[in-house]
2 protein chains.
Amino acid sequence: MEKEKIDKKDHILDVAERVFSDFGFDGASTRMISGEAGVNMAMLNYYFGSKEGLFLAIFERKISSFQTLLQNIGNDDSMTSWDKLAKCIDKYVDRIIVNNCFQKLINREITMNKRGDLTDKITEMLMVNVIEIRKILDEGIKNGSFFKDIDIQLVIASIFGTKNYIINTPHLSSLILGHDIRDEKFMEEQLKPRIKTYMKRLLKAYLMTDNDNTK
Amino acid sequence: MEKEKIDKKDHILDVAERVFSDFGFDGASTRMISGEAGVNMAMLNYYFGSKEGLFLAIFERKISSFQTLLQNIGNDDSMTSWDKLAKCIDKYVDRIIVNNCFQKLINREITMNKRGDLTDKITEMLMVNVIEIRKILDEGIKNGSFFKDIDIQLVIASIFGTKNYIINTPHLSSLILGHDIRDEKFMEEQLKPRIKTYMKRLLKAYLMTDNDNTK
DNA sequence: TTTTATCAATCAATCGTTTGATTAGTTTTG
DNA sequence: CAAAACTAATCAAACGATTGATTGATAAAA
């Protein structure tokens, strides 16, 4: 059955995604993955050709859904620049934190630019969101919503960097926050809204608040 | 010769640090490291006991210099809370960006879920700086320098997260910034002061600037 | 002589991958 | 319809290669 086959492939990809994100590409063995997925080892090669093929398949599966994450928010003319940015942050936090271990995968892969073509693909994929936010910031400066002398590029680094820091270093951020951030209930009910509130206030203070001593 | 032995060990550690940071712990083989270091493979086990011992030795070597990085800034009673925080940022940016590949090592290792003892050691090491900043923020709230309702823990995430984002994802941040951030001259003369200025203004706006619409 | 450092050769273990056999499901054929 | 032929999925076993580690010999130093 074609349907069952896709389900099984999808199940293998789910498991592989988690195992790769926990152990890294080289640290995760094909025996480990097939064992946890409950399938014969040979199935990995049967379906995906090779270990690297399996790894790449994980990315292929997600790329399309990622591209549309923040897109087209900037084109809504009924919103102020600030509202657009705030909406971006809400959407981004909502979406990205559930894809927790895929984010770790992306991050590890993009820091280690072995497999250059994949790095390029990931970069391209992440840049879609970057460009969307940059567009909003640019526009906000032009229409006077935001200060003229803000550092757009570093603001972007702060937005994505803050999120990355929290979810990519769970050991550390759990210690800092005093809670295990892998506790889904805590993450969903407390941390997510808290991050949204914080990020918006942080950015608003930097971008919009009158500040007589800007130096 | 004790001196030569230390030099050779240090040279091996230098090479291993770079190779590990490029390929990860599992991706880097002992033959790779010994080959690039120009020493016999058995020397790694002779000096460091095992591959993991070598890996740990890389961290041991850096820990002491890390621990004193931000420490004792908070104890200087002649500075305001804000000046302390600003000094922390300056020192941190100055110091951390040169240790580029060691930072990548730390980041990759702390992202992994398994390999518990090392993760704990790294976490402990990074927490020293976290605690120092937290102390300054706590104090600043108490003495009225900073707003009472700031989110200390997420501020910390922004400080370290922004930095990590820039230097750990060079492909992406180079694209965002429009310069190759691995260009040392650009990094030293332009990006470093720019990051310092930006971080200070961002934090000041959030922590101290009067803001009538804090929600 | 005793200790330390270095080396090529080798170890068992594990790696990703392949194989050939077997099963189950579908299509074709008589 | 039923037997045969074909296809896809699954498996245990084994493959050669590479891994981290160890050995015993040799050289250098103390």
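The chains referred to below are lettered A, B, ... by the order of the sequence lines, with proteins before strands, and numbering in each begins at 1.
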A/Met32 CE - C/dG16 C1' separation (whole Å): 14 Å
Interatomic distance, B/Ile33 CD1 vs D/dT19 C1' [rounded to whole Å]: 12 Å
Whole-Å gap separating P (C/dG16) and CG (A/Leu56): 15 Å
Any A/Leu154 side-chain heavy atom under 4.5 Å of A/Ile156 side chain: no
Heavy-atom donor-acceptor pair, A/Lys121 side chain to A/Phe59 backbone, under 3.5 Å: no
Integer-rounded Å distance: D/dT10 P and A/Tyr46 OH: 8 Å
Nucleotide D/dG20, atom C1' - distance to CG of B/Leu54 in whole Å: 12 Å
Distance in angstrom units between B/Leu44 CG and C/dA5 C1', rounded: 14 Å
Separation of atom CG in B/Asp26 from atom C1' in C/dT14, rounded to whole Å: 12 Å
Nucleotides 17-23 of chain C: protein proximity per nucleotide (B base, S sugar-phosphate only, - neither; heavy atom, under 4.0 Å): BBB----
Under 3.5 Å donor-acceptor, B/Thr169 side chain and B/Leu172 backbone: no
Integer-rounded Å distance: D/dA21 P and B/Phe55 CZ: 13 Å
Contacts of type salt bridge (charged side-chain N to carboxylate O under 4.0 Å, His left out), residue B/Asp183, not counting sequence neighbours: none
Phosphate OP1/OP2 of C/dA5 contacted by B/Lys8 side-chain N/O (<4.0 Å): no
Over 12 non-hydrogen atoms of neighbours within 6.0 angstrom of NZ in A/Lys192: yes
Under 3.5 Å: donor-acceptor pair, side chain of A/Arg108, backbone of A/Phe20: yes
